[in-house]
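Worksheet: the structure to be examined is printed underneath.
Numbers restart at 1 for each chain; the letters A, B, ... are given by sequence-line order, proteins then strands.
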Amino acid sequence: MIEKKWQKKWADEKLFESNPNDKEKLFITVAFPYPSGAMHIGHGRTYTVPDVYARFKRMNGYNVLFPMAWHVTGAPVIGIADRIKRKDKWTLDLYENVHRVPKDELPKLEDPEYIVRYFSSEYNEVMHDMGYSIDWRREFRTIDPTYKKFVEWQITTLHEKGLIQKGEHPVKYCPNCDNPVGDHDLLEGEGVGVNELTLLKFKIDDKILVTATLRPETIVGATNIWLNPDIEYIEVDADGENWIITREAHHNLSNQIKDLEIKDEINPDDLIGKFALNQFTGTEIPILPASFVSGDYGSGVVFSEPADAPADFIALKDLKNNTELLDKYGLNDIIGDVNPIPVCTLKGYGEIPAKDIIECLEITSQNDDKLHEATNELYKAQHSKGKIIDTVEGYGGKKVSVAREELKEELISKNIATTMYDFAERPVICRCGENCVVKIMDDQWFMKYSNPEWKEKTHEVLENETIIPGEIKNNFNYYIDWLDDWACSRKVGLGTKLPWDNQWLIEPLTDSTIYMSYYSIARFLKDMNPDDLNLAFFNKVYLNEDSDDITVAPEVIKEIQDEFNYWYPLDWRLSAKDLVGNHLSFLMFHHSAIFPKDKWPRGTVVFGMGLLEGNKMSSSKGNVILLKDAIKDYSADVVRLFLMASAEPWQDFDWREKEVLGTKRRLEWFKDFANKVEQIKGSSLDLNSIDKVELTRTIDLWMLSQLNQHVKASSEALEVFQTRKALQESLFLLKKDIDHYLYRVNHLLDKKDEGVIYVLSIIVETWIRLLSPFTPHTCEELWAEYGGEGFASSAQWPQVDESLINPKIEKSEELIQNLIKDIEQIKKMVGDEAEKVHIYTAPDWKWDLYEIANEIGKPDIGQIIGRAVKADICDDKKEIANVAKKLGREMTKTKYVGKIDEADIINDALEYISKEIDCEVIVHEDDSYDPQNKARNAMPYKPAILIQ
RNA sequence: GCGGGGGUGGUCGAGUGGUCAAAGGCGCUAGGUUGAGGGCCUAGUGGGUUAGUCCCUUCGCGGGUUCAAGUCCCGUCCCCCGCACCA
C-alpha cells in the first residue's frame, strides 16, 4: 500500500526522468531482459543492483540515467509459440504453472510476438512494483521500426568497415526443423562437441571405401578395413567418385557435401575378404568384419590400426579367435598376415600401446564398455606426448599432434582424403525428436571477431575499463582472444533483416551490442517517422558526419545529438556472468569499431547467479519464486533488502525463506525506531529542525563516532557496488551499535536527556537516508512522517564528519566493556559475594613505554627496554623489563591509539559499571591503597582490578 | 584438454603479513523481558587451564620465506564455472 503510494508520487513528480543539465551525469544500464517468461527473484537481483546504485549516486548529486528496454529479437519465442500451438504438455504446464499465465491467455501465446508483448508488459509492471528508478520514457522493444533502423545503421557501418564477411561453418542442425539448434534446444546430447574427422579414401575397383578417423597419421599403420555386416551400406556419387558409406552416415554427410546422391545398395558380405588399396602407402589391405563399427558415426567405414586403436586391436583378436566367422568369409588364409604395425612411440608403453592399455584395463571383447575409456586415454596421451616412429618417411620422430596436421594436409592435397564433421558422441536429438546432424552452413555472414586489429582495439577498450569484480578482467582478455568469427545471420526468429542481403535476419546478440547509445535518444525517436532515420541521420547524431541525405530538421538533430553526447559514454554496464564470453565482449568489440575512444564504455559489473534454498534456480525445472509473489508475500523493500544484503552482486545469492524473514524483522525494527525515539523524546520528532547539543558524555560521542564510521564504510562500499558490505555497515553493524547505545544509556531514557535525544535524532535522520537506496518506500514514508524535507530519494546522501570519528573515544568504550567483562569473570571465579571493586589505572610511565614501543613498531623487546631505560621513564629498571616483555606479547594485539585519560573515562561510566556488576566501584590512580598488590598489573587500556 | 575462480567453525560467509579464535547472518544452548516455548534483548557456541590469564589445536594437504602467514612463494589434492551460432 505505502509502496504503491510512493511509486505514484515519484511518477507524478517525474523524479526519475533524466534530462541533460549542468550536473555531473551518470549513465548506468543493465542487460535488458528477453521476456519469454515471468520475472523471478533472480531477475529481481539483476535489476535491483543498478537501481540501488542509481539511487545512491542521485543522492550524491549526480544526474543519473537508468533506462530499460526489451530484447524481443531471436528464436526462442518461435519455438515456444510452436510448442504451445502443438499443445505440448510440458510447455503448457510450464507456462500455466511456473510462469502463471492465466488460462484464457494461454492460447494467445501461439503468437510469438504476443509472448514477448505479454511478458514485457508483465516485466514492466513488476519493475514498477519493485520501485525501480527507471526513466520509462526511453522504453523500447527491439522490433520497434525505429530501433530496426538503428540496427540497420550499425550493421551497415560494420559491413562497410569490412568487419562482416561471408563464410561457411559447421553447425548442429535439425533436418526436421530445418534450422540450426543450440544446446538448449536439445532433448538429448547437451554439451556434445563437434569433431572434425578426416575421410581417408581406400580404392577398391572403381569404388572408394571412405573411412572416417580422428587420427589420420595412423594411416601408415593401417592393416585392414572394418565393415559391420549387420548394417546397411550404400554407394553414393560424390562429385564423380563412387563412395561406399552407410545409409545412416549419408543422413549426416549429405548436409556437408553437396549432391551426395545414392546410387546403389551395397551388401557388405560381398566386400569382406576382398582387398582395398591404401593410396598413401601403396599396400593392399583386406576388408574384415567387425561388430563394434557403428553405422551412424563418421562414414560407418573404418580402417584398422590395431597398434594404437584399442578397438581395432581387440576386434582383430576377436576375429582371429572366431573360427566360425573366419570360415564364413573364407578368411583363414589371409588373417594370419594381419598384425599390428607400430606407428607411435609413447613413454610408459610398449611397441603396441593398444595392447598394453587393453591388458591394463582388462578388456576382453570389442563390445566392452571400457573400450571407450581406453581409446580416450590413449588418444590423449599420444596427442600430448607421443611421437611417430623413426622409420616413417617424412614424419619419423615428429610429435603425433604435429604429424597429424601435416599428414592431413598432404593427404587432402593428394585427394587421398577430405574432411567431414560429426558429433563427438551420439545421440544428439532435437526437441522435435529428430536425430540432429552436422550441417555446413554456407552463404552465412560472419562478424569478423578474428580480425587482429579489431581484437587489438577491443583489448584497448577493456584496458580502459573498470571491471567489477577485478578477477573477471582476465576472463575478458581470454575471451577477446578466443572469440572467432561469429555467425551473425539467421533464418528464423524475430529481428531485423540484413540490409544488403534480405534473406537473412540479424542474429539477436549482434543486434544488441551498442543499444545503450539508443537509450540516450530513444525518447525523441519514439514518435519520429522511421523513414527519416536513415544512415545519414545516425551518422550525424552519433558520429557528427554531415550529409545531404539528412531529412530531419537541423535543430531537431542538434537536440538529439546533444542528448547523446551528454549521456555517452556509458559509465556502467551490468550483466550476469553468463554473458561475459559473448554479449559483454561483443559490446566492447562493437564500441571499439563504431565509436571514437571518448565514447567507449567505462565500467562493467558482472553478476552471479541465484540459488533457491541451496539449489540452482531454474524456470524450466519449476524451481523459482516469481518476483511478483515475493513482493506480495514480503513487500518490495524486504525483497530488495534481502537481495542486496545476502551476497555481493557477483556472488551467488541464496534465497532462504528463514533469512528473508529475518530481513523482514530487521526492517520492521528499523521502521519502528523513529517511533521509539519519538517516545523517548516525549514530543514529535522533526528531522528538519534538530537542535544541536554540545555532547560531553563519552558514550554519546562514541555513538556518533560509530555512526560516522558506518556511513563512511557504507559509502565506500556502495561506490564499488558492494551492496552487501554497505548494508552490513549501514544496517547490521549500525543496529548493533544502536542496541548497545540504548543499553548503555538505558538509565537516561526516561529522563528526557537532551544529549541522548540529540544523538538518537541524528541517527534517525542519517539512517533513513542511508537506507533509502535499498528500501526506498519505507524510507520515503518515514522521511515524510518525521518531517524530512522533500523526497528521501532526492535527499542528500549522509556526509561523513571526520571530526566526529574518534579512535580514542572508541577505545574508551572498548575499555569500559572489557573492564565489565573482566570483573564479571573474576567475580564468577572467586565465587564469594563481592562488595567492593577497586580499579587501578596504568601509571604514566607505562604509557610512555607504550609510546616507545609504538614508535619502534615491532615487538623488539631489547630495543624497547633500551630506549625506555635511556629515557628514564621509571626508577625501577627491573619493572620496566617485566612490563616491556608483557607489552611485546600484547602490542600486536592491541591497537594503540594514544594515551587516554582512563580515570576520567571510568568515572564517566561509573554509574553504568556499578549497575552492570552490581557492586560499589572505586577508582584509584595510584597504589596508595593496594592490599593485595594488584595495582602493578595495570596496563594501558587494561586497568588492574581488586575485588573484595 | 584450454581458460577463469575457489577450498576458513554446525552452515552461509568477512578476512589489507601483526589489532584474527576468526566480523556479520542463519542454526543451536542458556539467561532476561513477555500474555510460558512467538518476537525482542543479553551471553555462549574447538579443547584445556586460570583472579580478568595462559597454553594447545585450527583456515584442503605438504614444504618454504619472515621476529610474525588464512594472508606471500613452491609443490600437491579436490571443487565450481565457461568453451559459442544462443538468451
Check your understanding: Can you list the residues that meet the side chain to side chain donor-acceptor pair (under 3.5 Å) rule with A:T142, with sequence neighbours excluded?
Key -> A:T73
Check your understanding: Is the shortest heavy-atom distance from the side chain of A:I820 to the side chain of A:Y912 under 4.5 Å?
Key -> yes
Exercise for review: Name the closest nucleotide to the A:E507 side chain, picking from B:rU53, B:rC81, B:rA87.
Suggested key: B:rA87
Check your understanding: With sequence neighbours excluded, what pairs up with A:E471 under the side chain to side chain donor-acceptor pair (under 3.5 Å) test?
Key -> none
Check your understanding: Above 12 or not: heavy atoms from other molecules or residues under 6.0 Å from NZ of A:K616?
Key -> no
Check your understanding: When the P atoms of B:rG4 and B:rC20 are considered, how many whole Å apart are they?
Key -> 34 Å
Exercise for review: Ignoring backbone atoms, test whether A:K934 places a side-chain nitrogen or oxygen under 4.0 Å from the OP1 or OP2 oxygen of B:rU53.
Suggested key: no
**Study point:** Separation of the P atoms in B:rG7 and B:rU57, to the nearest angstrom
**Key:** 24 Å
Review point. Considering heavy-atom distances to RNA chain B, does A:K725 or A:A944 have its closest nucleotide positioned more toward the 5' end?
Key: A:K725
Exercise for review: With P as the reference atom in both, quote the distance from B:rU45 to B:rA22 in angstrom, rounded to an integer.
Suggested key: 10 Å
Exercise for review: Could you measure between the two C1' atoms, the one in B:rC73 and the one in B:rG25, and give it in whole Å?
Suggested key: 35 Å
Exercise for review: When you get a sec, tell me which of B:rA87, B:rC85, B:rC40 is the closest nucleotide to the side chain of A:W669?
Suggested key: B:rC40
Can you give me the N/O atom pairs linking the protein to nucleotides 22-28 of chain B at distances under 3.5 Å, or say none if there are none?
from, atom 1, to, atom 2, distance (Å)
B:rG24, OP1, A:K736, NZ, 2.8
B:rG24, O2', A:Q728, OE1, 2.6

Review point. What interatomic distance, in whole Å, is found between C1' of B:rG13 and the corresponding atom of B:rG64?
Key: 30 Å
Show me, pair by pair, the donor-acceptor contacts under 3.5 angstrom made by side chains of residues 473-480 of chain A, not counting sequence neighbours?
from, atom 1, to, atom 2, distance (Å)
A:K473, NZ, A:L462, O, 3.4
A:K473, NZ, A:E465, O, 3.0
A:N477, OD1, A:H459, ND1, 2.8

Check your understanding: Using atom P of each nucleotide, how far apart are B:rG5 and B:rU65 to the nearest Å?
Key -> 28 Å
Check your understanding: Can you name the side chain to side chain donor-acceptor pair (under 3.5 Å) partners of A:Q709, sequence neighbours left out?
Key -> A:E810
Practice item. Only counting residues at least two apart or in another chain, list the ones meeting salt bridge (charged side-chain N to carboxylate O under 4.0 Å, His left out) with A:D822. Key: A:K942
Review point. When you compare B:rG52 with B:rA36, how far apart are their P atoms, in angstrom units rounded to a whole number?
Key: 41 Å
Review point. Starting at the 5' end of RNA chain B and moving along, which residue's nearest nucleotide shows up first, A:I947 or A:W482?
Key: A:I947
Check your understanding: So, does the side chain of A:Q932 form a donor-acceptor pair with the base of B:rA51 at under 3.5 Å?
Key -> yes
Review point. In whole Å, what separates the P atom of B:rU29 from that of B:rG46?
Key: 16 Å
Protein-nucleotides 4-6 of chain B N/O pairs closer than 3.5 Å?
from, atom 1, to, atom 2, distance (Å)
B:rG4, O4', A:N475, OD1, 3.4
B:rG4, O2', A:N475, ND2, 3.1
B:rG5, OP1, A:N474, ND2, 3.2

Exercise for review: Please collect all salt bridge (charged side-chain N to carboxylate O under 4.0 Å, His left out) contacts where either partner lies in residues 573-585 of chain A, sequence neighbours excluded, each pair once.
Suggested key: A:K577-A:D652
Practice item. Using side chain to side chain donor-acceptor pair (under 3.5 Å) as the criterion, list what pairs up with A:K455, not counting sequence neighbours. Key: none
